[in-house]
Amino acid sequence: MLTLKPDDNIHWSPEPGIIVQVRKFSAFMKTLHDPARFHGFATRRATEFTPGDFIRSFLSPEELEVVNQFKSLKKQIEWMAGRSLVKEMVCGTAQEGTKAWEIAIAYREQGAPFLPRYPKIHISITHSGDYAAVALCQHGSRTMGLDLEEIGPAPDAGFMKLAFTPAEREYMENDPMKIFRGWTLKEAFLKYIKKGFNENLHKVEIFPDVILYKGVKARVNLFCATLGLDYCISLVTGKNGNPP
């Protein structure tokens, strides 16, 4: 599996036309006027953000209202870091003069994010541990799903039975790397088909080079990498997000 060097900002392009960017939350907080104010954000209660807190404006008034409704500072930072990364990437591909705060990010009925003003640009957003990550695709007929997870010990038997079929568990052999690769691929595929956790996890089976969906091989491309030894990131790509 490919290993990406851990850094504040990581750029990965596993397939032509698809860009993945990964950013540390600490790097995002450097875009705030007083980052020291938010140290220890992972365990703190939410705070009230105002336009004056940001060095560069990227949130619309409506988005600022949303972020101030969250109950924890961790959730606020995660939400803003992902959104900031999406808008930065879109501004890099959109018409000159596009303002980040003008780029709206909406959600489909089952939670998949999309860009109402840019229907030919597909996005997928994820976060875990110290990082937020975004995949962006400019091919209107092609889409993808992205997931990032911090690698830990093998989960307990209850989680394994909930998340994976007996055949998957046999293949994974309780190996944490195989498990987290499988879990990130499964979640990335669920995002790719725009169902998220609205779909039964056992209907998606992950094996070394193939994903089975309802027992049928899905016509998708799979890309997996690690960020150093601590994180696993997986991308699933295909045509129109519709498996066979």
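The shown structure was predicted, so the numbers you read here are calculated from the model rather than taken from an experiment.
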#### Entry: Exercise: do Glu149 and Thr184 side chains pair donor with acceptor under 3.5 Å
no

### Message
Any heavy-atom pair between the side chains of Gln21 and Met89 that's under 4.5 Å?
### Response
yes

#### Entry: Cluster overlap Ile55 with Val86, hydrophobic side-chain contacts below 4.5 Å
no

### Message
Looking at Lys24 and Asp7, is any side-chain nitrogen of the basic one under 4.0 Å from a carboxylate oxygen of the acidic one?
### Response
no

#### Entry: Which atom of Ala104 lies closest to which atom of Leu115, heavy atoms considered
O-CD2, 3.6 Å

### Query
Judged by atom type as modelled, is there a donor-acceptor pair below 3.5 Å linking the side chain of Glu168 to the main-chain atoms of Ile206?
yes

## Note on the structure
The reported gap from SG in Cys137 to CD1 in Ile123 (rounded to nearest 0.5 angstrom) is 11.5 Å

### Query
Are Val67 and Met80 close enough that some pair of their side-chain heavy atoms sits under 4.5 Å apart?
yes

### Task
Could you please spell out the steps behind the side chain to side chain donor-acceptor pair (under 3.5 Å) verdict for Tyr213 and Glu205?
CA-CA 7 Å; Tyr213 182 48; Glu205 292 185 284; over 6 Å; no

### Message
My understanding is that only residues two or more places apart in sequence, or in another chain, count here; which of them pass ring pair (Phe, Tyr, Trp, His ring centres under 6.0 Å) with Phe207?
### Response
none

### Message
Salt bridge check, Lys87 against Glu63: does any charged N sit closer than 4.0 Å to a carboxylate O?
### Response
yes

### Message
Could you measure the distance from the OG atom of Ser57 to the CH2 atom of Trp101? Nearest 0.5 Å is fine.
### Response
7.5 Å

### Asp147 and Lys186 ion-paired at < 4.0 Å
no

### Residue pair Ala132 / Gly82: nearest heavy atoms and the distance that separates them
CB-N, 4.1 Å

### Query
What orientation do Phe58 and Phe54 show, parallel under 30°, tilted 30 to 60°, or perpendicular over 60°?
perpendicular

### Task
Please confirm whether the backbone N or O of Ala135 pairs with a side-chain atom of His122, one donor and one acceptor, at under 3.5 Å?
no

### Query
Any chance CD of Glu109 has more than 12 other-residue heavy atoms, nucleotides or ligands included, within less than 6.0 Å?
no

### Within-4.5 Å side-chain heavy-atom neighbours: Ser124 and Val134
no

### Task
Return the set of residues passing ring pair (Phe, Tyr, Trp, His ring centres under 6.0 Å) with Trp79 (not counting sequence neighbours), or none when no residue passes.
Phe70

### Task
State the NE2-CG distance between His39 and Asp34, to the nearest 0.5 angstrom.
8.5 Å

### Message
With side-chain contact (heavy atoms from CB on, under 4.5 Å) as the criterion, how do Lys217 and Ile211 come out once you've worked through the C-alpha distance, each side chain's angles and the decisive distance to 0.1 Å?
### Response
CA-CA 6 Å; Lys217 181 180 177 180; Ile211 293 179; over 6 Å; no

### Query
Distance from Thr165 atom OG1 to Glu170 atom CD, nearest 0.5 Å?
9.5 Å

### Linked hydrophobic residues, Leu227 as query - side chain contacts closer than 4.5 Å
Leu2, Leu4, Ile10, Trp12, Ile18, Val20, Val22, Tyr131, Met144, Leu146, Leu148, Phe223, Tyr231, Ile233, Leu235

### Task
Following the transitive rule for hydrophobic clusters with a side-chain heavy-atom cut-off under 4.5 Å over Ile, Leu, Val, Met, Phe, Trp and Tyr, establish whether Leu162 and Leu185 coincide in one cluster.
no

### Task
Check the pair Thr143, Lys239 against side-chain contact (heavy atoms from CB on, under 4.5 Å), reporting the backbone distance first and the verdict last.
CA-CA 6 Å; Thr143 187; Lys239 188 175 182 180; over 6 Å; no

### Task
Return yes if some donor-acceptor pair links the side-chain N/O of Lys120 with the main-chain N/O of Gln138 below 3.5 Å, else return no.
no

### Query
Are any side-chain N or O atoms of Asn68 and backbone N or O atoms of Phe49, one a donor and one an acceptor, separated by less than 3.5 Å?
yes

### Query
Which heavy atom in Phe164 sits nearest to a heavy atom in Ile179, and how many Å separate them?
CZ-O, 3.9 Å

### Query
Is any side-chain heavy atom of Val204 closer than 4.5 Å to a side-chain heavy atom of Leu190?
yes

### Query
Mind checking whether Met177 and Tyr171 sit in one hydrophobic cluster, side chains of I, L, V, M, F, W, Y counted as touching below 4.5 Å?
no

### Query
Do side-chain atoms of Asp175 reach the backbone of Met172 as a donor and acceptor pair under 3.5 angstrom?
no

### Task
List the atom of Met160, the atom of Arg169, and the distance in Å for their closest heavy-atom pair.
O-CD, 3.7 Å

### Query
Between Phe197 and Trp183, what is the ring plane arrangement, given parallel below 30°, perpendicular above 60°, and tilted in between?
parallel

### Task
Go through the steps to decide whether Arg23 and Glu88 satisfy the test salt bridge (charged side-chain N to carboxylate O under 4.0 Å, His left out), and finish with yes or no.
CA-CA 12 Å; Arg23 178 164 296 165; Glu88 179 182 311; 2.9 Å; yes

#### Entry: Donor-acceptor pair between Glu15 and Thr237 side chains, under 3.5 angstrom
yes

### Summary
For Glu78 and Lys74 the tightest heavy-atom approach is OE2-NZ, 2.5 Å

### Message
Keeping Arg181 on the side-chain end and Pro208 on the backbone end, is there a donor-acceptor pair under 3.5 Å?
### Response
yes

### Message
How about CZ on Arg56, more than 12 heavy atoms from neighbouring residues, nucleotides or ligands closer than 6.0 Å, or not?
### Response
no

### Message
Between Arg45 and Lys71, does the side-chain contact (heavy atoms from CB on, under 4.5 Å) criterion hold? Intermediate values first, please.
### Response
CA-CA 6 Å; Arg45 293 174 62 111; Lys71 303 301 183 184; over 6 Å; no

### Query
Any chain of hydrophobic side-chain contacts (each under 4.5 Å) joining Tyr107 to Leu64?
yes

### Message
As a quick check of understanding, evaluate side-chain contact (heavy atoms from CB on, under 4.5 Å) for Lys214 and His202, giving each step before the final call.
### Response
CA-CA 8 Å; Lys214 300 179 181 179; His202 284 204; over 6 Å; no

### Within one Ile-Leu-Val-Met-Phe-Trp-Tyr cluster: Val210 and Leu201, side-chain cutoff 4.5 Å
yes

### Query
Got a sec: does the CD of Glu150 have more than 12 other heavy atoms crowding it under 6.0 Å?
yes

### Task
Considering non-hydrogen atoms only, spot the tightest contact between Thr47 and Gln76 and give its length.
O-NE2, 2.8 Å

#### Entry: Point-to-point distance, once rounded to the nearest 0.5 Å, from CG of Asp230 to CZ of Phe180
11.5 Å

### Interatomic spacing from SG in Cys232 to CD1 in Ile151 - rounded to 0.5 Å
5.5 Å

### Message
What I'd like to find out is whether the side chain of Ile121 reaches to under 4.5 Å of the side chain of Leu136, using heavy atoms alone.
### Response
yes

### Task
Please say whether the positively charged group of Arg108, taken as NZ for Lys or CZ for Arg, lies over the ring of Phe114, i.e. under 6.0 angstrom from the six-membered ring centre and within 45 degrees of the axis.
yes

